[in-house]
Protein chains: 2
Amino acid sequence: MATKRSGAQSKRSRRIDAALHSGQEPRSEPPLSLERIVATAVELLDAEGVDGLKMRRLADRLGSGAMSLYWHVDNKEEVFDLALDSVLEYRGPPQTIESEDWRGEVFHMLEDWRASMLRHPWSASLLPRRALGPNILSRLELLSKTLSKAGVADADLNVAIWSLWNYVVGATFTRASFDLSDDDRAAAQLRLEQLSERYPTIGRSRLLLDNDWDGAFRKGLDLLLDGLAQDEAEG
Amino acid sequence: MATKRSGAQSKRSRRIDAALHSGQEPRSEPPLSLERIVATAVELLDAEGVDGLKMRRLADRLGSGAMSLYWHVDNKEEVFDLALDSVLEYRGPPQTIESEDWRGEVFHMLEDWRASMLRHPWSASLLPRRALGPNILSRLELLSKTLSKAGVADADLNVAIWSLWNYVVGATFTRASFDLSDDDRAAAQLRLEQLSERYPTIGRSRLLLDNDWDGAFRKGLDLLLDGLAQDEAEG
DNA sequence: ACCTGAACACCGTTCAAGT
DNA sequence: ACCTGAACACCGTTCAAGT
């Protein structure tokens, strides 16, 4: 069991391992299951990115034949859907936030959302395909409820939610796409200096080199929430 | 030439067509070129989506052998990059907007940006891969310049630009992913009604069925610009 | 119920070659 | 300089079959 973790096992030894366990009937750990498949898919996506997830490689990591997956899953698409949603679970705000502090709650929810996606950079680029897993819906529901409690009128709720959603998704997306490897970053920097004659303003502001993404995210989010709070006060 | 447009030409007739032209040396239209490749790639992407763009099919549309493309282009990736950037050209604000109206200018720029991407829904999902083509940089440059002229301090410029960029990208992205085919929409609606016990707030607000995306986009953008204008007034 | 290997269709790209 | 067909490596998935 401890050896299972070491990762560099040969295919054959995994087979033997499986054979040993197949004598007993406990569903302890080795047998294939949706849970294991999804968890391993997330690992693989973390390690190799979207293009690195191939059914054969996933099966390999699970120590099973490539086609075994298809009993648990219809498609590769479904693997993507499940992996995406599994990464977006929300555990709720910490106790340090008081329950009347709606702004604090919303802030935490959205920062956590962004953080969850950044922990798995592939998740951002997967979102446009099929977006509505249960965890995403829960997050939207909780966001709606919080804003509603905070006094946002039903008529304004959708705009508020979409604005926040758009901002978070866009920010994650942008961060994931600009946060390149160091090599790429160096190349981009070089190229940009050459281009700063053509694009003087963004050259001067160091727009593309400024990597305080977290700070920028919070400040922008503040702007949005200011707008919402003001609307709410006026309404 | 007129027949070229009709689209349903057989492979053989296209070949003959090419043979007829090969007797002359004018580079009138038929010969392969980066421009033609990119334009045709955009057509193909519009018609078949990201997954529909295959090198062989692209070559077919161009009436050339599949491998001919590789003389003009390194990769399929490069085709994507070029197609994406080609779709994001900006022609500037209309004359109806006065040049001192920075808010109007910014508003137009961002609405146009979003509209351009929505005209080619695949563009949103391509953005995260490689984002910095010349047309995107021009748009960022123009946005920076306008905000700068409007009085946004250099120190706040990056936050302002990223906030707006994030919002636009997120909004386009979201819209593209939720604007499903009618079948899917009907299915989603049905499913959502079943789920509205579990997600009562978003069920009540009809969050996922409300399809006034354009209105929501404008209102949210107003919120952001309000925030920016206020910061600017305070600073 | 759960897993498997062989096989198929498909696709990006290399290569050696044509003009 | 520009284009090409044959061929290779790879990948998702079907199928018929095993236990």
Side-chain angles (χ1 to χ4, degrees), chain A residues 11-12 14-38 40-41 44-45 48-83 126 129-130, chain B residues 11-12 14-38 40-41 44-45 48-83 126 129-130:
Chain A
K11 203 181 230 172
R12 189 193 292 148
R14 251 184 279 126
R15 286 278 158 66
I16 291 172
D17 205 298
L20 284 178
H21 283 277
S22 71
Q24 318 167 337
E25 54 251 53
R27 66 192 55 155
S28 54
E29 282 151 34
L32 226 43
S33 69
L34 241 198
E35 277 186 13
R36 276 191 73 221
I37 291 175
V38 173
T40 308
L44 189 52
L45 284 164
E48 316 260 7
V50 175
D51 292 334
L53 178 60
K54 336 246 179 184
M55 296 304 268
R56 287 175 226 250
R57 234 195 285 192
L58 179 54
D60 242 44
R61 278 209 181 210
L62 288 160
S64 78
M67 293 305 104
S68 312
L69 302 176
Y70 285 88
W71 194 90
H72 301 268
V73 145
D74 279 349
N75 271 339
K76 188 180 174 182
E77 288 275 306
E78 194 181 333
V79 178
F80 279 133
D81 290 352
L82 294 171
L126 241 46
R129 302 283 189 152
R130 288 177 161 264
Chain B
K11 204 181 228 170
R12 189 192 293 147
R14 249 184 281 126
R15 286 278 158 66
I16 291 171
D17 207 296
L20 284 177
H21 284 277
S22 70
Q24 320 166 332
E25 53 252 55
R27 65 192 56 157
S28 54
E29 281 150 36
L32 226 41
S33 69
L34 243 197
E35 276 185 13
R36 276 190 72 219
I37 290 176
V38 173
T40 309
L44 189 52
L45 283 164
E48 316 259 6
V50 174
D51 292 334
L53 178 59
K54 336 246 180 183
M55 295 304 268
R56 287 176 224 251
R57 234 194 288 190
L58 179 54
D60 241 43
R61 278 209 180 210
L62 287 159
S64 77
M67 292 306 102
S68 311
L69 303 177
Y70 285 87
W71 195 89
H72 302 268
V73 144
D74 280 350
N75 271 338
K76 191 180 172 180
E77 288 276 304
E78 195 181 333
V79 178
F80 279 133
D81 290 352
L82 294 170
L126 241 46
R129 302 283 189 152
R130 289 176 161 266

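A, B, ... follow the sequence lines: proteins, then strands. Residue 1 opens every chain. The figures that follow rest on heavy atoms only: side chains count, while hydrogens, waters and symmetry mates do not. Just so you know, these numbers come straight off a predicted model, no measurement behind them.
- Here the CZ atom belonging to Arg36(B) is positioned 10.0 Å from the CG atom belonging to Leu58(B), to the nearest 0.5 angstrom.
- If you measure from atom CH2 of Trp71(A) to atom C1' of dA1(C), you get 6 Å, rounded to the nearest angstrom.
- Within the 4.5 Å cutoff, side-chain heavy atoms of Val50(A) are placed close to those of Phe80(A).
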Could you write out each protein N or O paired with an N or O of nucleotides 14-19 of chain C at a distance under 3.5 Å?
none

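- Distance, Leu34(B) CG to dA1(D) P: 16 Å, rounded to whole Å.
- Comparing dG12(C), dT4(C), dG12(D) by their nearest atom to the side chain of Ser64(A) picks out dT4(C).
- Taking atom C1' on both dA17(C) and dC2(D), the two are 13 Å apart, rounded to the nearest angstrom.
- Rounded to the nearest 0.5 angstrom, Glu77(A) CD and Leu126(A) CG are separated by 8.5 Å.
- Residues forming a side chain to side chain donor-acceptor pair (under 3.5 Å) with Glu48(A) (at least two apart in sequence, or on another chain): Arg57(A).
- The main-chain N or O of Ser64(B) is never found under 3.5 Å from a side-chain atom of Ser68(B) such that the two would form a donor-acceptor pair.
- Checking the phosphate oxygens (OP1, OP2) of dC3(C), a side-chain nitrogen or oxygen of His72(A) falls inside 4.0 Å.
- Nearest approach of Ala59(B) to Gly65(B), heavy atoms of both residues: CB-O, 3.5 Å.
- Distance from the side chain of Met55(B) is smallest for dG12(C) among the nucleotides dT4(C), dG12(C), dT4(D).
- In terms of phosphate contacts, Asn75(A) brings no side-chain nitrogen or oxygen within less than 4.0 Å of OP1 or OP2 of dG12(D).
- The nearest whole Å value for the distance from the CZ atom in Arg36(B) to the P atom in dC2(D) is 14 Å.
- A distance of 4.0 Å separates CG of Leu62(B) from OG1 of Thr40(B), quoted to the nearest 0.5 Å.
- In this structure, Leu62(B) places its CG atom 15 Å from C1' of dC2(D), rounding to the nearest Å.
- A straight line from CD of Glu78(B) to C1' of dT13(C) spans 14 Å, rounded to a whole angstrom.
- Side chains of Tyr70(B) and Asn75(B) form no contact here, defined as non-hydrogen atoms less than 4.5 Å apart.
- One interatomic measurement links the two molecules: CD of Glu77(B) to C1' of dC11(C), which rounds to 15 Å at whole-angstrom precision.
- Across all strands, Leu53(A) comes closer than 4.0 Å only to sugar-phosphate atoms, never to a base (heavy-atom distances).
- Between dT4(C), dT13(C), dG12(D), one nucleotide has an atom nearer to the side chain of Arg56(B) than all others, and that is dT13(C).
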DNA chain C in dot-bracket form (Watson-Crick or G-U pairs under 3.5 Å, [ ] crossing, | inter-strand) is ||.|||||...|||||.||
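- If you take CG of Asp51(A) and P of dC10(D), they are 15 Å apart, rounded to a whole angstrom.
- Side chains of Val38(B) and Val79(B) form no contact here, defined as non-hydrogen atoms less than 4.5 Å apart.
- Note: NZ (Lys76(A)) to P (dC10(D)) measures 15 Å, nearest angstrom.
- Contact check for Leu69(B) versus Ile37(B): side-chain heavy atoms found under the 4.5 Å cut-off.
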